[in-house]
Amino acid sequence: MDSIKNRRTIRKYKAQDIPVDLLNDMLETSFRAATMGNMQLYSVVVTRDPEMKAQLAPAHFNQPMVTSAPVVLTFCADFNRFSKWCRQRKAEPGYDNLLSFMNAMTDALLVTQNFCTIAEDKGLGTCFLGTTIYNPHQIIEILNLPELVIPVATITVGYPDESPAQPDRLPIKGIIHQEKYHDYTPEEIEDIFTYKESLPENRHFVEINHTETLAQIFTDIRYGKADNEAMSDLLKKTLKQQLFDK
């Protein structure tokens, strides 16, 4: 509980490698995560080679931790392995569809979170890269991912060389719903987000970006509609390319 409560994103790492046995043990333990039908619909690509990290960096908008972390892990939704096993056992798989991708993606993300929790408990630092599903086609090519395999999460991991402040979180009263979903009134939205908006760092973001509100930084600068639609189209094309959406 303490490890989870104290977690923070680490982007700077010491020049200290992670032993293979330790990494494999953490990954194997993370594979105890819940999984759809006990099919384990995920694979993990471990990247240590500096040249391979350099190839991956552009897919992650050249964020420096991709090349500076000792290990980069790409967690993939994977129905390739299970489908091949089915065919080798005289069973015809029917997993080339969107539902199967969602099941495999859920499996992979459960493992990803397990791994992060375990790594942080071992004194390592991690950073989750949401850019993985922005540029999946590039990662597929670089990592030679076959059909029915799509990258869904990337984690950089290493021994921390920083101790940043924890980011804010919304109050639980704004997230937990009892029995049924209770939609938010304008007054409740004000109450839930007032603390986030009042933080000095967020007020500074508003000032330097010349916006009127913090919300406009999300909608107009960080996660704009045009970018979201373009990356959604790309993800749809990638799903078709990898046979998850015929």
Side-chain angles (χ1 to χ4, degrees), residues 1-12 30 32-36 42 60-61 63 65 73 75 77 98-99 101-121 124-134 151-157 160 162-232 235:
M1 291 289 286
D2 287 342
S3 177
I4 294 173
K5 287 181 178 179
N6 293 320
R7 79 153 302 277
R8 61 205 67 209
T9 295
I10 300 297
R11 295 179 174 85
K12 295 181 180 179
S30 74
R32 301 306 306 177
T35 170
M36 174 72 176
Y42 48 79
H60 297 290
F61 301 157
Q63 296 178 84
M65 52 276 195
L73 300 174
F75 291 81
L98 185 59
L99 178 63
F101 167 70
M102 295 297 292
N103 285 332
M105 180 182 70
T106 301
D107 265 22
L109 292 178
L110 287 169
V111 168
T112 301
Q113 181 57 66
N114 252 16
F115 175 82
C116 289
T117 301
I118 293 164
E120 287 153 6
D121 193 56
L124 292 156
T126 66
C127 181
F128 173 84
L129 303 182
T131 43
T132 304
I133 58 171
Y134 294 172
V152 293
T154 299
I155 301 295
T156 60
V157 58
E162 63 173 347
S163 183
Q166 279 190 301
D168 63 280
R169 290 292 186 263
L170 295 177
I172 64 170
K173 64 181 179 181
I175 299 174
I176 298 174
H177 302 255
Q178 301 295 341
E179 308 302 342
K180 294 183 179 181
Y181 190 99
H182 167 74
D183 205 359
Y184 304 95
T185 65
E187 292 77 18
E188 287 169 334
I189 293 296
E190 290 287 336
D191 186 39
I192 292 166
F193 286 93
T194 293
Y195 174 71
K196 178 185 286 288
E197 293 173 326
S198 71
L199 293 173
E201 59 267 32
N202 288 335
R203 293 170 68 91
H204 180 63
F205 286 153
V206 172
E207 181 181 351
I208 64 176
N209 286 285
H210 307 291
T211 61
E212 183 180 353
T213 69
L214 179 64
Q216 289 168 348
I217 292 177
F218 288 87
T219 60
D220 301 350
I221 298 173
R222 296 184 65 184
Y223 308 105
K225 178 180 175 65
D227 289 339
N228 287 336
E229 290 178 345
M231 288 184 285
S232 293
L235 180 58

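Residues: numbered from 1 along the sequence shown. Every heavy atom of this structure was used, including side-chain atoms; hydrogens, water molecules and symmetry mates were not.
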* Of the non-hydrogen atoms in I133 and P151, which two are nearest, and what is the gap between them? -> CG2-O, 4.0 Å
* Around Y134, counting heavy atoms of other residues, nucleotides and ligands shown, do more than 12 lie under 6.0 Å from its OH? -> yes
* Separation of C116 SG from I4 CD1 (nearest 0.5 Å) -> 11.0 Å
* Could you give the distance from CD (E188) to CG (D183), rounded to the nearest 0.5 Å? -> 8.5 Å
* Asked: Quick one: does E187's side chain get under 4.5 Å of E190's, heavy atoms only?
  -> no
* Asked: Once you round to the nearest 0.5 Å, how far does CZ of R8 lie from OG1 of T126?
  -> 12.0 Å
* Asked: Say you draw a straight line from CG of L170 to CD1 of I175; how long is it, rounded to the nearest 0.5 Å?
  -> 5.0 Å
* **T154 vs T131, side chain to side chain contact (heavy atoms under 4.5 Å, CB included): CA-CA, chis, key distance, verdict** => CA-CA 8 Å; T154 299; T131 43; over 6 Å; no
* **Within 6.0 angstrom of Y195 OH, more than 12 heavy atoms from elsewhere** => no
* To do: Could you pull out the closest heavy-atom pair between A77 and A108, with the gap in Å?
  => N-CB, 4.1 Å
* Asked: Please walk me through it: do T106 and M36 pass side chain to side chain contact (heavy atoms under 4.5 Å, CB included)?
  -> CA-CA 8 Å; T106 301; M36 174 72 176; over 6 Å; no
* Structure fact -> Those residues at least two apart in sequence (or on a different chain) that pass side chain to side chain donor-acceptor pair (under 3.5 Å) with T117 are Q113
* To do: Specify the closest pair of heavy atoms between R203 and S198, including all atoms of both residues, with the distance to one decimal.
  => CD-O, 3.3 Å
* Asked: If you draw a 6.0 Å radius around NZ in K12, do more than 12 non-hydrogen atoms from other residues or ligands fall strictly inside?
  -> no
* Structure fact -> Only one of V206, T211, I221 passes side chain to side chain contact (heavy atoms under 4.5 Å, CB included) with Q216, and that residue is T211
* To do: Return yes when atom CG of N6 has more than 12 non-hydrogen atoms of other residues, nucleotides or ligands closer than 6.0 Å, and no otherwise.
  => yes
* Ignoring hydrogens and geometry, is there a side-chain-to-backbone donor-acceptor pair from H182 to H177 under 3.5 Å? -> no
* Closest heavy-atom pair and its distance - R7, Q166 -> O-NE2, 2.8 Å
* To do: Apply the test side chain to side chain contact (heavy atoms under 4.5 Å, CB included) to residues N202 and D168: give CA-CA distance (whole Å), side-chain angles for both, the deciding distance (0.1 Å), then the verdict.
  => CA-CA 10 Å; N202 288 335; D168 63 280; 4.0 Å; yes
* Asked: Do you know which two heavy atoms are closest between S30 and I118, and how far apart they sit?
  -> N-CD1, 3.6 Å
* Separation of E212 CD from I217 CD1 (nearest 0.5 Å) -> 12.0 Å
* Asked: For R11 and E162, which heavy atoms make the closest approach, and how far apart are they?
  -> N-OE2, 2.6 Å
* Take the angle between the ring planes of Y181 and Y184 and call it parallel below 30°, perpendicular above 60°, tilted in between. => perpendicular
* I would like to know whether H60 and T132 meet side chain to side chain contact (heavy atoms under 4.5 Å, CB included); could you show each step before the answer? => CA-CA 7 Å; H60 297 290; T132 304; 3.5 Å; yes
* Beyond-backbone contact of E120 with I10, side-chain heavy atoms, under 4.5 angstrom -> no
* Structure fact -> Separation between CD1 (I172) and CD1 (I192), nearest 0.5 Å, reads 12.0 Å
